[in-house]
Structures are given as C-alpha cells and as structure tokens.
Amino acid sequence: MPETKPVVSSSRRGVAHRWNQTLIPTTREAPNDAEVPSHVLLHRAGFIRQVGAGIYDYLPLGLRVINRIASIVREEMDAAGACEMLMPALEPFELFEGTRRDEAYGDNLFRLKDRKGRLNALAPTHEEVITQLMIGAVSSYSQLPLNIYQIQTKFRDEARPRAGLLRCREFLMKDAYSFHMSVEGPGGLNETYDAMYRAYTNIFTRCGLDFTAVEAESGPIGGSASHEFMVNCASGEDTILKCPATGYAANVEKCEIGHRPHDLGGAPTGELTEVHTPNLPGIDEVGKFMGVKVPRLLKTIVFKSLVGSSALPGTPTWVLAVVRGDHEVNEGKVKTLAGVPVNMAPEAEARAAGFAIGYVSPRAVNAVPGTILLIDADAAQGGFWATGADKPDQHVKHFNWKRDVGEVLGNPDKVRIGDVRNAVEGDPSPRADGQKLVTGRGIEVGHIFKLGTKYSEAMGLSILNSQQTKQVVIMGCYGIGVSRTMAACVEMSHDDNGIIWPAAIAPYHVHLTLMKPEDDKQQRAAATIADQLTAAGIDVLIDDRPERAGVKFKDADLVGIPFRITIGEKALEQGAVEFKARRDSGKGEVVAQTDIVRSCLASING
RNA sequence: CAGGGUGUAGCUCAGUUUGGUAGAGCGUGUGGUUUGGGUCCACAAGGCCGCAGGUUCAAAUCCUGUCACCCUGACCA
C-alpha cells in the first residue's frame with residue numbers, strides 16, 4: 001500500500017539526493033566556447049550544457065536553481081495580487097502582423113511554417129496573445145484590474161547569442177500583464193506598477209542578489225514609467241549611473257544630467273584653419289592626426305525628422321546634435337529637445353541635402369534649409385574647438401561659436417542648448433546640487449513597463465466603463481529573466497574555485513560529504529543527519545562517491561552549495577562532524593552531531 | 001549583418017607551413033597502489049580529422065564550396 005500523505009501540509013520536508021542518483025557531470029576544464037565566468041562555472045559544475053548557439057540543457061542542478069527562483073517569483077507575484085496562467089509558445093503569425101511587431105522584431109522573431117504552409121511564430125513575449133484572450137474573456141470594467149503572469153520559455157532569434165545564459169535564443173522568462181481602466185487611483189495602472197516594483201524588490205532581495213532598480217527609457221505615458229532591475233556586477237553589459245546622495249539611479253539611455261553652465265561668447269583662439277584629414281575612420285584618429293585632444297573636438301550628428309516639414313509649418317527637416325568628441329549623442333534626448341521624433345539620418349539622404357557626413361560642423365545649420373541645431377551644454381563653451389569643415393576630408397581648427405555660426409545662435413527656434421548626450425561618470429547629479437554621478441555595471445534581470453494602450457488599441461481591447469462609454473484598456477507589462485537571473489547570480493557570486501550560491505536559490509542547502517563512504521558508521525551518520533535535516537525542511541546533496549577526498553572537496557567548491565558538512569573518521573569518533581560555509585576558507589568548525597541541524601538552520605536562515 | 005577566429009577522442013589541444021598508416025594530457029574501463037584538497041604505476045577501450053566536392057598514386061594537411069560554434073562591433077520590447 002502506498003503511504004498516504006496529507007494534501008495540505010504546513011511544513012515542507014526537504015529532499016536528500018545522493019550524487020550518484022542524479023546527474024552532475026563536473027569537468028576540470030571548460031569547453032573553449034565558454035568565456036564568461038557564469039558560463040564556464042555553470043558548465044564545469046554540471047548545471048548546464050550547450051546544445052546550440054544560445055540554446056542550453058538545464059541539468060538537474062540547473063533546473064533546481066531555476067525552480068527555486070521561479071517559486072520565489074510565484075510567491076511574490078501571487079502575494080502582490082497577480083495570478084498565474086500559461087500561454088503557448090507557438091502562435092499564428094497573424095497575431096504579430098496585427099500589432100506590426102513582425103516588423104518591430106524583424107529577424108529576432110522566429111518564424112516557422114506548419115504542414116499546411118501557414119506561417120507561425122515562436123513567441124518572444126506575449127502581449128498579443130494575452131490581449132487577444134482578454135478581448136474574449138473580460139467584458140466589464142468591474143472585472144478589472146487584473147494582473148496575469150506566466151513562467152514560460154521565450155524565443156528570440158538574437159543576432160548574436162552570447163555569454164552563455166546571459167543572452168540566449170531560448171530562455172525562461174516570467175512575464176506579467178496588467179489591465180486597467182485608469183492610470184491613477186484605486187485599481188489604476190500606477191497602483192499595480194508600484195506593487196510590481198515592490199514585488200520585484202522582494203524577489204531579488206529574497207534571491208540574495210545585489211541589485212539596483214534604475215529608471216529606464218520612458219514608455220508612452222511618460223514620467224518614470226519604466227524601471228530595470230540590474231544585478232550589480234562588474235562584468236555586466238549595461239552601464240548604470242547613480243547619485244550618491246539621493247539614491248537616484250538610471251540606465252545610460254535614460255539618465256538625466258544636472259545643471260551645467262554654458263557660454264557661447266568666448267573670444268576666438270585663432271584663425272579658422274582647415275586641415276586635410278583623409279582616410280581617418282573615427283574621431284580618435286582625427287584627434288590624433290590633428291594634434292587635438294578628443295574633448296576639444298565637436299561631434300555633429302545629423303538626424304532626420306520623422307514628421308517632415310510639410311506636415312507642420314515650422315517643423316524642422318533636419319536636426320543637428322552637437323556634443324564634445326568624448327561624449328555620445330543620445331537619440332531619446334535629441335527627440336525631447338527637438339520636440340519631434342527623429343531618426344539617425346540615412347547617409348545618402350543627408351548627403352543629398354548637403355551634409356558632408358563625417359565632416360559636418362555646427363555651421364551647417366546656416367547652410368541647409370530646414371535645419372535646427374541642438375548643442376549639448378558641454379559643447380556650448382568658449383575656448384579652442386576643432387570640428388568638421390563641411391566638406392569631405394577636411395576639418396577646421398580654432399572654431400568659434402559666435403564668429404563661425406553667427407547670430408542664429410540667438411534664435412531659439414533654430415538653436416537650443418541642453419542635454420543631448422549620454423551621462424558619464426562625474427557628471428553633475430540631476431537630483432542634488434554639487435553631487436556627481438557615479439557609474440556601475442549591471443545585468444538586467446527584470447523590467448517593468450507602463451505599456452499604456454499600444455496593444456489594446458491595436459487589437460481592439462476596449463470595455464464599457466461605469467459611465468457606459470467604451471474605453472480602451474490600459475496595460476502594463478512586467479518581465480523577469482529567470483534563466484538569466486541564475487547566470488547573473490553566478491557572475492555576481494563566485495571565486496576561483498567555483499560558484500557561491502545564496503542559500504535561497506542554491507540547488508541544495510547542505511552538501512554532505514562522506515570521507516569514507518565504505519565505512520558503515522559514516523553511512524549511518526550520514527543517513528541520520530540527512531534525515532534530521534530534511535525533516536527540518538533542508539535540502540541535502542550527499543556525496544558518497546568512492547572518490548578521493550580532494551576530488552569531492554573540489555567538486556563541492558565548484559558546485560557551490562552554501563553549507564558543507566564533512567563526515568570524517570576523527571570527528572565522528574567524538575560524535576561530531578565538520579561544518580563549513582562555502583564562502584569561508586579553511587576546514588570549518590567541528591560541531592556535535594546533536595547540534596548540526598541547529599547550526600545548519602541558523603546558517604541558512606541567517 | 002560586417003570584421004576576426006576555431007572545427008582532430010567525452011574535455012583541453014598538438015599535428016596542417018613542407019601530402020606518405022591518427023597523437024598527447026585530462027577523463028573513462030580493468031588490475032595494483034594510495035587515502036582529508038583533483039595520488040602513483042601498468043594495461044585497455046575510444047576518431048567519417050565538421051560536411052560535400054575537387055586535385056593527387058596518396059589528403060587531417062592543398063583547392064573550391066558549405067555548415068556549425070566563439071569573439072568584437074551593429075542590433076537588443
């Protein structure tokens with residue numbers, strides 16, 4: 001007769017697995033494909049194996065970590081009032097055509113034909129599917145707000161998968177979508193957005209991650225309508241900036257820059273002199289060739305208005321953005337300051353209009369009709385400048401704003417000074433006078449976003465409100481890269497010997513090593529301890545392989561389970577075992593067998 | 001997509017320049033030895049040399065094509 005178990009239990013019993021009952025193929029060397037630490041260590045420790053570019057097996061240890069993260073995500077999402085469901089990964093292609101995301105995603109959208117020749121997509125994300133579902137499933141404002149999530153495999157045909165699990169073509173993601181009749185007030189988008197912000201903070205805190213929530217590029221609603229959750233880690237792909245005084249943090253695309261004084265009135269430093277600068281591919285080379293430091297060069301980028309001058313009289317056709325040579329133009333900030341949507345100008349069109357691409361100077365504002373000039377505050381200064389000569393293969397020295405651009409500088413319709421570049425370390429904080437921004441690197445593991453009505457409008461999700469008028473539903477979306485979180489954790493927490501898991505997402509809490517598994521006394525002690533630990537809710541990996549001590553210790557460090565119990569002859573004679581945290585060096589302390597469960601519990605929960 | 005690189009044993013790599021029977025270390029198996037931080041010794045198994053053409057008496061090696069994977073950049077709701 002099978003043992004019956006209560007359906008409902010208030011306590012969770014831990015599991016004890018023996019190394020040889022599971023699959024943990026550790027290796028001394030990593031495959032030469034693996035370069036970043038998380039990829040190397042997750043492979044060497046037997047958590048993942050690569051199947052193809054950006055496609056991985058999750059082996060038993062890897063899946064256990066994934067499941068730990070997923071269950072923390074579930075608990076916090078459920079606690080925040082969200083509700084789980086599951087959508088298909090395979091979808092009819094027309095869904096994406098309806099919202100034109102087939103174009104927006106382009107080649108990143110996996111397409112495949114079925115036997116009837118119909119085109120399908122493997123979903124990169126599920127706005128269309130859930131919106132379609134809601135159209136049929138929700139018919140009254142009284143059913144809203146709703147926040148629905150899933151944890152599911154996503155597909156993106158990345159141009160370049162890389163860095164192991166950090167940029168995959170197939171990956172595990174939690175995506176949530178919320179639906180509202182209003183932005184403000186009870187039941188509004190902002191309420192859920194804030195709840196998600198708190199839930200994400202709880203999730204990543206509980207996962208034991210060192211992270212920063214940063215403001216990201218705003219959605220259609222504006223304001224701080226998007227936040228990214230970044231694991232702080234020097235090897236991260238993304239740059240984040242923080243104000244040390246106020247806690248303001250933003251990604252590099254979004255980060256505002258505090259007040260910078262500017263002055264276009266400085267006296268000329270010399271005659272405007274042309275310099276022949278052929279075949280110099282970049283600004284660094286130009287500076288070197290001219291003998292001018294890059295921060296004394298002016299870089300002028302040509303943007304094209306997407307509105308066009310014919311639509312609205314007075315709207316510019318071309319937008320010039322001028323920054324110092326060592327700075328980077330920020331397209332979003334250009335749009336804001338220009339007041340019109342813009343794109344980087346297609347080179348051929350810009351040339352046809354009279355711009356000497358690669359050699360454009362601010363003077364082009366006077367030469368090409370329909371052009372406005374945006375000057376970054378750091379570029380709007382007196383003193384020596386070098387810049388393009390507005391003809392091929394020529395630059396100029398001793399450029400002077402007032403002399404060489406002239407009175408148009410005083411025309412606010414044509415020339416604006418402001419912030420059009422990416423923030424860099426040391427820029428003034430936008431939130432505290434006298435404070436300077438500091439930079440850090442991060443790995444994006446979560447992103448929350450106020451979608452607005454983009455999808456509901458495109459797909460026709462509208463509902464009668466209490467005034468009996470039809471209203472387009474307002475949406476938010478909230479993503480967490482679950483598999484990426486596992487990798488980001490390893491990037492953040494490892495040493496030369498292997499991974500160091502936070503207890504909350506470790507594959508097991510305790511690694512129990514038998515020095516002499518052939519010794520019955522040690523086997524009995526291991527069984528007893530494992531039984532006591534699991535009864536206390538602790539998950540245990542028992543390494544009773546007939547290997548030498550060194551092999552087992554090395555593997556234990558590599559796998560990175562946070563606490564290790566070693567059963568050896570000497571201590572066992574005194575009724576004791578050794579206990580050691582993975583993050584500590586040395587052999588650890590000798591603990592009486594009767595105290596070991598208490599020690600483990602205290603360490604794991606502490 | 002552009003530039004660069006690599007495909008040879010389960011893993012790391014040599015061999016390719018100069019064509020002539022497929023190599024090492026690690027790992028695996030067996031026997032012995034050792035036993036608290038990847039012991040030592042012996043023996044053994046294990047290869048469509050990415051794939052397809054071509055040149056040649058003969059191709060891992062030369063030529064052509066192709067595929068895969070990695071790196072840098074572009075791209076990345």
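Please read all numbers here as calculations on a predicted model, not as lab measurements. The chains referred to below are lettered A, B, ... by the order of the sequence lines, with proteins before strands, and numbering in each begins at 1.
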### Query
Does CG belonging to A:Asp107 count more than 12 external heavy atoms closer than 6.0 Å?
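Incorrect, the count does not exceed 12.
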
State the pairing partner of [N]; accept Watson-Crick or G-U wobble contacts with both distances under 3.5 Å, and report none otherwise.
N     : result
B:A2  : B:U72
B:C26 : B:G10
B:U18 : none
B:U64 : B:A52

Interatomic distance where [atom1] belongs to [X] and [atom2] belongs to [N] [whole Å]:
X        : N     : atom1 : atom2 : result
A:Glu29  : B:C26 : CD    : P     : 11 Å
A:Arg44  : B:G38 : CZ    : C1'   : 10 Å
A:His43  : B:G10 : NE2   : C1'   : 10 Å
A:His511 : B:G37 : NE2   : C1'   : 13 Å
A:Phe553 : B:U35 : CZ    : P     : 16 Å
A:Lys554 : B:G36 : NZ    : P     : 16 Å

### Query
Partners of A:His494 by ring-ring contact (aromatic ring centres under 6.0 Å, His included), sequence neighbours excluded?
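Counting only residues at least two positions away or on another chain, A:His494 forms no ring-ring contact (aromatic ring centres under 6.0 Å, His included).
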
Separation of the [atom1] atoms in [N] and [M], to the nearest angstrom:
N     : M     : atom1 : value
B:C26 : B:C40 : C1'   : 15 Å
B:C49 : B:A60 : C1'   : 4 Å
B:A14 : B:C57 : C1'   : 29 Å
B:C69 : B:C62 : P     : 24 Å
B:G36 : B:G73 : P     : 48 Å
B:U8  : B:G15 : C1'   : 9 Å
B:G46 : B:A24 : P     : 14 Å

Which nucleotide, [options], lies nearest any side-chain atom of [X]?
X        : options             : answer
A:Glu578 : B:G36, B:C70, B:G37 : B:G36
A:Asn32  : B:C13, B:G36, B:U39 : B:C13
A:Pro31  : B:U34, B:U12, B:G38 : B:U12
A:Arg28  : B:U12, B:C69, B:C26 : B:C26
A:Asp33  : B:C70, B:U35, B:G36 : B:C70
A:Glu35  : B:U12, B:U39, B:C71 : B:C71

### Message
Both A:Leu558 and A:Glu518 contact RNA chain B. Which one's nearest nucleotide lies toward the 5' end?
### Response
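The residue whose closest nucleotide sits nearer the 5' end is A:Glu518.
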
#### Entry: A:Ala53 vs A:Lys570, nearer the 5' end of RNA chain B by closest nucleotide
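Looking at the nearest nucleotide for each, A:Lys570 comes out on the 5' side.
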
With a non-hydrogen cut-off below 4.0 angstrom, is [X] in contact with a base, only sugar-phosphate, or nothing?
X        : answer
A:Ala34  : nothing
A:Asp557 : base
A:Arg49  : nothing
A:Ala163 : sugar-phosphate
A:Arg545 : nothing

Any side-chain donor-acceptor pair under 3.5 Å between [X] and [Y]?
X        : Y        : answer
A:Glu491 : A:Ser38  : yes
A:Asn232 : A:Thr212 : yes
A:Asp175 : A:Gln150 : yes

### Message
I'd like to know if A:Arg582 pairs up with A:Asp495 as an ion pair, taking the criterion as any Lys NZ or Arg NE/NH1/NH2 lying under 4.0 Å from an Asp or Glu carboxylate oxygen.
### Response
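Here A:Arg582 pairs with A:Asp495 in a salt bridge, since their nearest N and O are under 4.0 Å apart.
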
#### Entry: Cationic N near anionic O, under 4.0 Å, A:Lys254 to A:Glu228
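No, no charged N to carboxylate O under 4.0 Å.
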
### Message
Does B:U39 have OP1 or OP2 under 4.0 Å away from a side-chain N or O of A:Arg548?
### Response
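For A:Arg548, the contact criterion (side-chain N or O under 4.0 Å from OP1 or OP2 of B:U39) is met.
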
Would you tabulate the pairs of protein nitrogen or oxygen atoms and nucleotide nitrogen or oxygen atoms of nucleotides 73-77 of chain B closer than 3.5 angstrom?
unit_1 : atom_1 : unit_2   : atom_2 : d
B:C75  : N4     : A:Arg162 : NH2    : 3.0
B:C76  : O2     : A:Arg167 : NH1    : 2.7
B:C76  : O2     : A:Arg167 : NH2    : 2.7
B:A77  : N7     : A:Tyr105 : OH     : 2.8
B:A77  : N7     : A:Arg156 : NH1    : 3.0
B:A77  : N7     : A:Arg156 : NH2    : 2.4
B:A77  : N6     : A:Arg156 : NH1    : 3.4
B:A77  : N6     : A:Arg156 : NH2    : 2.6

#### Entry: side chain to side chain donor-acceptor pair (under 3.5 Å) between A:Arg44 and A:Thr26, intermediate numbers included
CA-CA 5 Å; A:Arg44 286 193 52 213; A:Thr26 58; over 6 Å; no

### Message
Run the ring-ring contact (aromatic ring centres under 6.0 Å, His included) test on A:Tyr193 and A:His180 for me, step by step, so that the C-alpha distance in whole Å, both residues' side-chain angles and the decisive distance to 0.1 Å come before the verdict.
### Response
CA-CA 11 Å; A:Tyr193 186 89; A:His180 314 268; over 10 Å; no

#### Entry: Distance-only donor-acceptor test (3.5 Å): side chain A:Glu547, base B:G38
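A donor-acceptor contact between them is absent.
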
### Task
Determine, using ring centers only, whether A:Phe229 and A:Tyr197 are less than 6.0 Å apart.
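Ring-ring flag for A:Tyr197/A:Phe229: true, centres closer than 6.0 Å.
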
